[in-house]
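Please read the structure below before turning to the comments.
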Amino acid sequence: MNERMVARSFYARDPLLVAPELLNKVLLTPRGAGRIVEVEAYDGPNDPGSHAFRGPTPRTRVMFGPPGHLYVYFTYGMHWCANIVCRTEGEPGAVLIRALAPLRGLEAMRAARTAARRDRDLCNGPAKLCQALGIAGTDDGTDIAGPHSPMRVVDDGVRPPAEPMNGERIGLSRGIELPWRWYVAGDPNVSRTNVPRR
DNA sequence: ACCGGGATGTTCT
DNA sequence: GAACATCCCGGTG
C-alpha cells in the first residue's frame with residue numbers, strides 16, 4: 001500500500017486542528033507500527049491542562065521548539081507518554097498520542113508488555129503504547145518530520161473519521177472541561193469509551 | 001463489569 | 001511536600 005509521510009507543515013498548525021486529523025494515520029517506529037485511534041490536544045499557554053501553560057521548563061522545552069518533534073515526558077514515577085509538537089517555535093502546542101491499533105511488530109510489543117493479556121491491551125493507553133514501542137526519555141525531541149526520520153507518521157490512504165468521537169480529556173485536574181480528546185468510534189484499542197461525549 | 005488503592009520517582013511549589 | 005496528561009492488581013457483584 002502507498003504510504004505518504006506526513007509533512008512538517010501538517011504539524012505547524014493549531015493542535016486542535018491537527019489532533020482529529022491524526023486519527024487513522026499510522027505511527028511508524030523501528031520497533032513496530034500502529035494506527036492512531038485516540039488523541040488529545042494541548043493548547044500551550046491557552047490551556048491550564050498543558051505542561052506549557054506556565055512557560056518553558058527544562059522538561060517542557062521541546063514543546064516550545066519547532067513542530068514535528070516528539071515531546072516525551074515521564075510521569076507517575078514509571079511511565080512515559082509521547083506527544084507530537086505543533087504550531088511553531090516559541091508557540092507551544094502538542095497532541096498526545098493516547099492509543100494505537102497495533103499493525104506491525106506485534107511480537108516485540110507482546111515481549112515489551114507482559115502485562116497485556118490480549119493484543120488490544122498492547123497500545124490502548126498513552127504509556128502502554130510507549131512501552132510497547134520502546135519510546136522513552138531518549139526519544140524526547142526526536143524529529144519525526146525529517147526526510148530520513150526513522151520514527152514518523154504516514155498516511156496510508158485511510159482517511160480520518162468524518163465524525164470522530166469527542167469528549168473531555170482524561171486524567172487532568174485542570175482544564176478538564178475542555179473537550180479536546182478525539183477517538184475512532186468503535187475501535188477496540190481506544191483506552192476508554194465510558195466517558196462523556198458530545 | 002466496576003471500583004479502590006498501591007506502585008514509583010521526577011518536577012515544581 | 002504535593003502533584004502527577006498512568007497502569008496494574010485484587011476485591012466485590
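Side chains included, hydrogens not; waters and symmetry mates left out as well; all remaining heavy atoms used. We name chains A, B, ... by the order of the sequence lines, and we start the count at 1 in each one.
Nucleotide C/dT6 holds its P atom 19 Å from the CG atom of A/Leu122, rounded to whole Å. Distance CZ (A/Phe53) to P (B/dC12): 15 Å, rounded to an integer number of Å. The distance from atom CH2 of A/Trp80 to atom P of B/dA7 is 22 Å, rounded to the nearest whole Å. Look at CD1 on A/Ile170: it is 8 Å from P on C/dT6, rounded to the nearest Å. A/Arg169 has its CZ atom 11 Å from the P atom of C/dT6, to the nearest Å. If you take CG of A/Leu70 and C1' of C/dA5, they are 15 Å apart, rounded to a whole angstrom. Atom pair A/Arg181:CZ and C/dT6:P shows a separation of 11 Å (rounding to whole Å applied). Rounded to an integer number of Å, the gap from A/Met78 CE to C/dC7 P is 11 Å.
Listed nucleotides: C/dC7, B/dG9, C/dA5. Nearest to the side chain of A/Leu96: C/dA5. Side chain of A/Pro126, nearest nucleotide from B/dT8, B/dG9, C/dC7: C/dC7. Comparing B/dT13, C/dA5, C/dC4 against the side chain of A/Tyr71 picks out C/dA5 as the nearest. Side chain of A/Arg59, nearest nucleotide from C/dC8, B/dA7, B/dC12: B/dC12. In this structure, the nucleotide among B/dT10, C/dC7, C/dA5 sitting nearest to the side chain of A/His79 is C/dC7. Residue A/Thr57 has its side chain nearest to B/dC12 when only B/dC12, C/dC7, C/dA5 are considered. Counting only heavy atoms from C-beta on, A/Arg113 has its side chain closest to C/dC7 among C/dT6, C/dC7, B/dT13.
Checked against A/Glu40 for a salt bridge (charged side-chain N to carboxylate O under 4.0 Å, His left out), the options A/Arg98, A/Arg192, A/Arg169 give a single hit: A/Arg98.
In this structure, A/Gly49 reaches the bases: a heavy-atom distance under 4.0 Å links it to at least one base atom across the strands shown. Base engagement by A/Tyr76 is indicated by at least one non-hydrogen atom pair under 4.0 Å involving a base atom. Contacts of A/Arg117 with the nucleic acid, taken as non-hydrogen atoms under 4.0 Å apart, are absent.
Look at A/Tyr42 and the base of C/dA5; the rings stack, centres closer than 5.5 Å and planes less than 30° apart.
Taking the charged nitrogens against the carboxylate oxygens, A/Arg8 and A/Asp143 do have a contact shorter than 4.0 Å, which makes a salt bridge.
Closest approach of A/Thr60 to A/Tyr71, counting heavy atoms only: CG2-OH, 3.6 Å.
In this structure, CG in A/Asp47 is found 8.0 Å from CZ in A/Phe53, a value given to the nearest 0.5 Å.
Using the Watson-Crick or G-U wobble rule with both distances under 3.5 Å, C/dA5 pairs with nothing in any strand shown.
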ring-ring contact (aromatic ring centres under 6.0 Å, His included) between A/Tyr73 and A/His51, worked out = CA-CA 10 Å; A/Tyr73 69 91; A/His51 290 168; 4.7 Å; yes
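Proximity of A/Arg174 to the phosphate of C/dA3: no side-chain N or O atom is located under 4.0 Å from OP1 or OP2. Between A/Thr75 and B/dT10 there is no side-chain polar atom (N or O) within less than 4.0 angstrom of OP1 or OP2.
Between A/Tyr11 and A/His69, the side chains place no donor N or O within less than 3.5 Å of an acceptor N or O (distance only, hydrogens not considered).
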